[in-house]
Amino acid sequence: MAVAPAPPSGDPVLTPGGAPGGDEGRPPGFPRRHGVLHCRTHDLEELAERFGTPLYVYDGDGIRERVQAFQAAFRELDFLLAYSVKANGNLAVLNRIGALGGGADIVSLGELHRALQAGIPAERIVFAGVGKTVEEMEGALRAGILAFHVESEGELDSLERVAAEEGRPAPVGIRVNPDILVNTPHEYTRTGHAASKFGVAVEDAIRLYRRAHASPHLEVRGVDVHIGSQILDVEPYLEALDAVLAMVDRLASEGIGMGYLDLGGGFGVAYGGEEGLPLQELAREVVGRLRGRGLRLLVEPGRSVVGEAGVLLTRVLHTKVAGGKTFVITDGGMTELLRPSHYGGWHFITPVRTREGAPVGPVDVVGPVCESGDFLALNRELPLPLSGDLLAVATAGAYGFSMASNYNARRRPAEVLVEGDAVHLVRHRETLDDLIRGEEIPPPATL
Ligand code: LLP
């Protein structure tokens, strides 16, 4: 195979082109019409014009279809989709999921507030997390959530005290750590192995269930397991399920019964070319194992509900050639979408408008933040855009806005929800005053 000579330093590494930037990897719901990318029937250039950039655009119909796909796959069982709020906690998104019968998996009082404000009933909310505070326990107990997913003995002690003081028993599920190491794309998203901070080993969980069962202040409701995120295979879920079912049977023989089994989230999606987790296959196996047991099934998907249903629109500010590299500098970066920088996450990127004949070559798509780690893509084959062009970063509906920050005193972007013919601005772009809200300058120091 011929090896192309290295380009002279300072020259762009581009070949004459015309390739449209390749649309394989573009998620469903974002068709290209007359060369312009759309969200369903809505022209993304127009949305960017109207609402500014960087901008998150969510395909509301796509979110609904994904929730309904879960509900259909598990319809044989008493089923609750407890959407993982951390993936995208926008009130409108939560509201729509709640209206479809969904609940919420939360990890903080803030997420409880969001879920309740969005209209999700408390009895459809489960509360996970290794570090719940007394304030959070009180708040969630008063709200009347479905269950606390307890992750340590210390937490169970605390919860028992809070429940005794509040004079109402706390509903409990133990989050079991089945000691399964899943090969997710990044070590940060593996949670089911013994050495992770999450959950309680099976033997310890049994002890905690006995304690909870015996306490007048605690009420055993179910069991939870969540082994990681962006999992593409069915097998690790079945391994986890079998381990949990064996424990459930052991406890049942002692007279400790469970109302539900929560299989967690983590169902993988397509970021670029790969197939997402085969939901039908998973459902077939899970339903087969749970049929006739009288256990309600919960799942806690986040990414697989909203990930592919969102794009980040960002405008090219400048292009620049340096050190043999071509940089495409955009108005969005790690402050809007942290995943590439934090996990080496790969997101499909495509020009919103196809530019015929543009030279194609490897470029670094970088943001304006003062960090070398601020990028959306490295060494990506893209038609070279011009300043003012729009790029769409795909599969950004999950862990996009929810991980956005104000670093460099940047205003977090607006969010738009598209539903049929309607376009709703569901979060305004932050203002300069939003950035300093809550801060105070004390009187001059007297020395
Ligand atoms: N349940 C629990 C207990 C979790 O910890 C998580 C995610 C989920 C459900 C939802 O997982 P999902 O279905 O969205 O994969 N920021 C990372 C992902 C971190 C996931 C944390 N926990 C990312 O951008 O890839």
Side-chain angles (χ1 to χ4, degrees), residues 63 66-67 69-70 80-89 93-94 97 102-108 111 115 125-132 146-152 155 173-178 182-193 196-200 222-233 236-237 240 244 261-272 274 276-277 279 282 298-310 312 334 336-347 376 393-405:
I63 293 174
R66 287 169 177 92
V67 170
F70 270 100
L80 176 67
L81 182 149
Y83 167 71
S84 198
V85 172
K86 63 178 83 65
N88 182 332
V93 170
L94 298 179
I97 292 171
D105 153 55
I106 60 162
V107 290
S108 69
E111 288 190 349
I125 298 178
V126 288
F127 192 169
V130 294
K132 302 177 192 77
L146 172 58
F148 290 88
H149 286 160
V150 170
E151 306 216 19
S152 65
E155 182 188 337
I174 307 291
R175 174 165 172 188
V176 172
N177 180 322
V182 191
N183 189 23
T184 68
H186 197 279
E187 59 174 319
Y188 291 174
T189 49
R190 297 168 199 163
T191 57
H193 53 294
S196 105
K197 71 175 178 179
F198 297 102
V200 178
V223 56
D224 177 45
V225 62
H226 170 79
I227 50 178
S229 202
Q230 184 57 13
I231 299 171
L232 296 169
D233 300 323
Y237 284 100
V244 171
L261 186 151
D262 183 337
L263 196 52
F267 314 107
V269 303
Y271 277 102
E274 77 273 52
L277 179 116
L279 182 62
L282 177 73
L298 269 63
V299 292
E300 304 171 350
R303 190 192 317 264
S304 51
V305 173
V306 291
E308 293 179 39
L312 172 65
M334 67 187 291
E336 288 68 38
L337 183 65
L338 185 61
R339 303 194 71 263
S341 170
H342 191 56
Y343 310 100
W346 195 98
H347 288 256
L376 296 172
V393 185
T395 322
Y399 307 107
F401 189 95
S402 65
M403 296 182 85
S405 81

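Since the structure is predicted, the reported quantities are computational estimates derived from the model, not experimental observations. When a ligand or atom number is given, it counts from 1 through the structure's own listing order.
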Is the shortest heavy-atom distance from the side chain of [X] to the side chain of [Y] under 4.5 Å?
X    : Y    : value
Y83  : V67  : no
S84  : D105 : yes
Q230 : L277 : no

Can you list the ligand 1 atoms lying under 4.0 Å from a non-hydrogen atom of [X]?
X    : value
G265 : 9 (C), 13 (O)
P301 : 13 (O)
M403 : 16 (N)
G302 : 12 (P), 13 (O), 14 (O)

Hey, is ligand 1 close enough to T189 that some N/O pair sits below 3.5 Å?
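No, T189 has no N/O under 3.5 Å of an N/O on ligand 1.
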Is any N or O atom of R175, backbone or side chain, closer than 3.5 Å to an N or O atom of ligand 1?
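Among all N and O atoms of R175, none is under 3.5 Å from an N or O of ligand 1.
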Please report which non-hydrogen protein atom sits nearest to [atom], along with the residue it belongs to and the distance in Å to one decimal place.
atom                    : result
atom 12 (P) of ligand 1 : G266 N, 3.4 Å
atom 20 (C) of ligand 1 : Y399 OH, 3.6 Å
atom 15 (O) of ligand 1 : S229 OG, 2.3 Å
atom 24 (O) of ligand 1 : R339 NE, 2.6 Å
atom 17 (C) of ligand 1 : Y343 OH, 3.0 Å
atom 10 (C) of ligand 1 : S84 OG, 3.3 Å

Is it possible for you to check whether K132 lies under 6.0 Å from the centre of the six-membered ring of F127, through NZ or CZ, and within 45° of that ring's axis?
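The answer is yes; both the distance and angle limits are met.
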D262/R175 ion pair, N-O < 4.0 Å:
no
Would you mind finding which of R303, E300, K86 brings a heavy atom closest to atom 6 (C) of ligand 1?
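It is K86 whose heavy atom sits nearest to atom 6 (C) of ligand 1.
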Structural part of H342 in contact with ligand 1, heavy atom criterion under 4.0 angstrom
neither
Just checking Y343 against Y399, ring centres under 6.0 Å apart?
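Centroid separation for Y343 and Y399: 6.0 Å or greater.
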